[in-house]
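See below for the structure under consideration.
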Amino acid sequence: MEDASLVGLMGRVTGTVGPGLVGEVIVRVRGGAEHFLAYPANGIGRIAPGTVVMVVEHLPPRTVYVTEAYDS
C-alpha cells in the first residue's frame, strides 16, 4: 500500500493513542478494515478509544500518525 493511499483517510481509535504508548486504530482500506499501530501526529495528548481520527502520515508497513478528525 502506498503512503498517499492512507493519508487523509478516517479511522477509529481502538487502543489509546498517546505519548509513550503504542495505540491502535482501525481504518477502512481496500474494501475492508485493517488495524494499524498509531501515534499522535502532534506528539502530545491522548486520544481515547472510539475517537474518529484522520491519518496524516503512514510509515509502512503498519504504522500511522493520526490527529483527531473533529474538535471536541
Side-chain angles (χ1 to χ4, degrees):
M1 168 163 275
E2 298 173 9
D3 262 357
S5 61
L6 276 180
V7 173
L9 293 181
M10 303 295 225
R12 185 169 304 272
V13 176
T14 56
T16 303
V17 175
L21 301 173
V22 178
E24 183 181 63
V25 297
I26 188 166
V27 179
R28 291 194 174 276
V29 291
R30 295 189 292 261
E34 296 184 21
H35 289 266
F36 294 86
L37 301 177
Y39 297 93
N42 64 5
I44 58 173
R46 287 186 177 214
I47 305 173
T51 303
V52 176
V53 293
M54 182 174 63
V55 176
V56 296
E57 186 177 354
H58 173 227
L59 300 176
R62 310 243 18 114
T63 301
V64 293
Y65 285 81
V66 298
T67 187
E68 289 189 48
Y70 308 107
D71 289 334
S72 304

message = Could you tell me if the side chain of Y70 sits less than 4.5 Å from the side chain of M10, heavy atoms only?
response = yes
Smallest separation among heavy atoms of [X] and [Y], with atom names:
X: V53; Y: R12; result: CG2-N, 4.4 Å
X: L9; Y: R28; result: CD1-O, 4.0 Å
X: G45; Y: P19; result: O-CD, 3.2 Å
X: T14; Y: V25; result: OG1-N, 4.0 Å
X: P40; Y: I44; result: CB-O, 4.0 Å
X: V17; Y: Y39; result: CG1-C, 3.5 Å

Nearest 0.5 Å please: distance from the [atom1] atom of [X] over to the [atom2] atom of [Y].
X: I47; Y: N42; atom1: CD1; atom2: CG; answer: 7.0 Å
X: L37; Y: E24; atom1: CG; atom2: CD; answer: 7.0 Å
X: L6; Y: E34; atom1: CG; atom2: CD; answer: 8.0 Å

request  = In sequence, state the C-alpha distance, the side-chain angles, and the governing distance for V64 and V27, and then conclude on side-chain contact (heavy atoms from CB on, under 4.5 Å).
outcome  = CA-CA 10 Å; V64 293; V27 179; 5.7 Å; no
inquiry  = Would you say V56 ends up clustered with L21 if hydrophobic residues are merged whenever their side chains have heavy atoms under 4.5 Å apart, either directly or through other cluster members?
reply    = no
message = If hydrophobic clusters are built by linking Ile, Leu, Val, Met, Phe, Trp and Tyr wherever their side-chain heavy atoms come under 4.5 Å apart, do I26 and L59 end up in the same one?
response = no
key: Neighbour count >12 (heavy atoms, 6.0 Å) for atom CZ, R62   = yes
